[in-house]
Amino acid sequence: MSEPSPSSVPAHVAIIMDGNGRWAKQRGLPRLEGHRRGVEAVRTATYAARDLGVKMLTLYAFSVENWQRPPDEVGALMGLLELYLKRELATFVRDRVRLLTIGRTEDLPAGVQKHLRATIEETKQFTDYTLVLALNYGSRSEVVDAARAYAAAVAAGQEKLNDRSWATFNRYLSTATLPDPDLVIRTSGEKRVSNFLLLQAAYAEFVFTPVLWPDFTKADLAAALAEYAGRERRFGLTSEQLRPAPAAGIT
Ligand code: IPE
Ligand code: IPE
Ligand code: MG
């Protein structure tokens with residue numbers, strides 16, 4: 001399989017990182033060990049994506065539904081997140097990685113919020129490559145929040161009720177300043193979106209891989225990008241519209 005040409009590299013890749021628990025179970029280890037190894041896979045993917053020409057990587061790290069897991073697991077995940085952020089700040093600054101978040105981060109533990117704020121602030125000047133962490137994220141709560149903010153703006157006279165454009169509504173989503181994902185990858189063999197970027201992925205390509213997240217390597221990412229490169233994104237048009245046949249007489 002040939003390497004994708006630069007133009008066929010997705011600018012924005014989003015990953016539903018799944019399978020930490022199963023990875024641990026297969027080895028007779030506690031689920032937490034799977035999450036620890038999952039953090040290593042996050043580090044690998046962050047740099048692999050950039051090496052492969054991706055400009056933005058969004059990682060689904062914690063969903064609004066994940067709060068319903070056993071309290072011990074939720075606590076351990078928050079602890080790992082805080083540790084990860086604490087350790088990564090210097091690396092992000094050194095490697096010029098901009099950090100952003102989507103989701104209701106105001107409900108995360110104070111320690112996590114503190115590190116998030118610091119890292120976002122210290123990396124805001126970097127423009128070449130962005131890592132977006134989806135934390136306490138869920139598309140439905142995002143839409144509810146956006147609808148409330150939009151309604152408030154209409155009530156305040158800042159928006160018009162009869163403005164039916166997507167571009168206007170989009171400004172109220174937590175992804176307002178981000179491009180839509182071109183490619184969504186889900187690991188662990190599950191073939192569902194689990195409340196992730198439902199609106200933003202309207203025209204994304206999807207790649208599902210059986211690889212469990214802790215085992216996900218640069219080669220797995222490259223394989224997903226190669227699959228993407230072979231797809232034709234039509235955005236509602238016909239193939240012929242996108243690739244007109246050469247005019248008669250021209251050889
Ligand atoms: C993904 O792995 C990590 C999070 C959702 C936080 P899981 O913990 O969902 O792993 P499985 O699905 O149980 O294998
Ligand atoms: C999706 O994984 C959420 C994240 C990767 C953060 P889950 O493991 O929570 O999803 P379901 O429960 O299998 O749909
Ligand atoms: Mg899972």
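Just so you know, ligand 1 is whichever comes first in the structure, and atom 1 is the first atom listed for that ligand. For reference, positions follow the sequence shown, starting with 1.
A side-chain donor-acceptor contact under 3.5 Å links Asn195 to the backbone of Arg140. Under the 3.5 Å distance criterion, the side-chain polar atoms of Tyr60 are matched with a main-chain donor or acceptor of Ser194. In this structure, the side chain of Thr44 does not engage the main chain of Thr217 through any donor-acceptor pair within 3.5 Å. Put simply, the side chain of Glu205 never gets that close to the backbone of Tyr228: no donor and acceptor are under 3.5 Å apart.
One option in His35, Arg22, Glu73 has a heavy atom closer to atom 14 (O) of ligand 1 than any other, and that option is Arg22. For atom 6 (C) of ligand 1, the nearest non-hydrogen atom from the set Ala61, Gly19, Gly189 comes from Ala61.
No part of Glu190 comes within 4.0 Å of ligand 1, judged by heavy-atom distances. Contacts between Phe196 and ligand 2 below 4.0 angstrom, taking non-hydrogen atoms only, are absent altogether. Looking at Ala134 against ligand 2, nothing comes within 4.0 Å, counting heavy atoms. No part of Gln68 comes within 4.0 Å of ligand 2, judged by heavy-atom distances.
Defined by atom type and a distance below 3.5 Å, a donor-acceptor pair is present between the side-chain atoms of Asn20 and His35. Using modelled atom types and a 3.5 Å distance limit, the side chains of Trp67 and Asn136 yield a donor-acceptor pair. No hydrogens or angles considered: a donor-acceptor pair under 3.5 Å links the side chains of Ser188 and Arg22.
Proximity to Phe62 (heavy-atom distance under 4.0 Å) selects the following atoms of ligand 2: 6 (C). The Arg192 neighbourhood of ligand 2 comprises atoms 11 (P), 13 (O), 14 (O), with distances under 4.0 Å to a heavy atom of that residue. Less than 4.0 angstrom separates some heavy atom of Met17 from each of these atoms of ligand 2: 5 (C). Annotation for ligand 2: atoms under 4.0 Å from non-hydrogen atoms of Asp18 are 8 (O).
A distance of 9.5 Å separates OG1 of Thr46 from CG of Leu99, quoted to the nearest 0.5 Å.
Distances between N or O atoms of Tyr60 and those of ligand 2 include no value under 3.5 Å. Residue-to-ligand polar distances keep Ser63 apart from ligand 2: every N/O pair is separated by 3.5 Å or more. An N or O contact shorter than 3.5 Å is missing between Trp23 and ligand 1 by distance. Residue Gly21 has at least one N or O atom closer than 3.5 Å to an N or O atom of ligand 1.
The aromatic rings of Phe216 and Trp213 lie parallel to each other, with less than 30° between the two planes, well short of the 60° mark. Note on ring orientation: taking the six-membered ring where Trp is involved, the planes of Tyr150 and Tyr172 are perpendicular (angle over 60°, cut-offs 30° and 60°).
For Lys124, the NZ atom sits in a loose shell: 12 or fewer heavy atoms of surrounding residues, nucleotides or ligands are nearer than 6.0 Å.
Residue contacts with ligand 2 include Arg186, since one of its heavy atoms falls under 4.0 Å from the ligand. By the 4.0 Å heavy-atom criterion, Arg69 is counted among the residues contacting ligand 2.
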**Message:** Is there a side chain to side chain donor-acceptor pair (under 3.5 Å) between Tyr137 and Ser139? Walk through the geometry before answering.
**Reply:** CA-CA 7 Å; Tyr137 178 84; Ser139 284; 3.2 Å; yes
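Nearest protein heavy-atom neighbour of atom 9 (O) of ligand 2: Asn66 ND2, 2.9 Å.
Asp18 has its closest N, O or S atom to the Mg ion (ligand 3) at the position named OD1.
The distance from the Mg ion (ligand 3) to the nearest N/O/S atom of Glu190 is not under 2.8 Å.
Shown here, atom 2 (O) of ligand 2 is in close reach of the protein: a heavy atom of it lies under 4.0 Å off.
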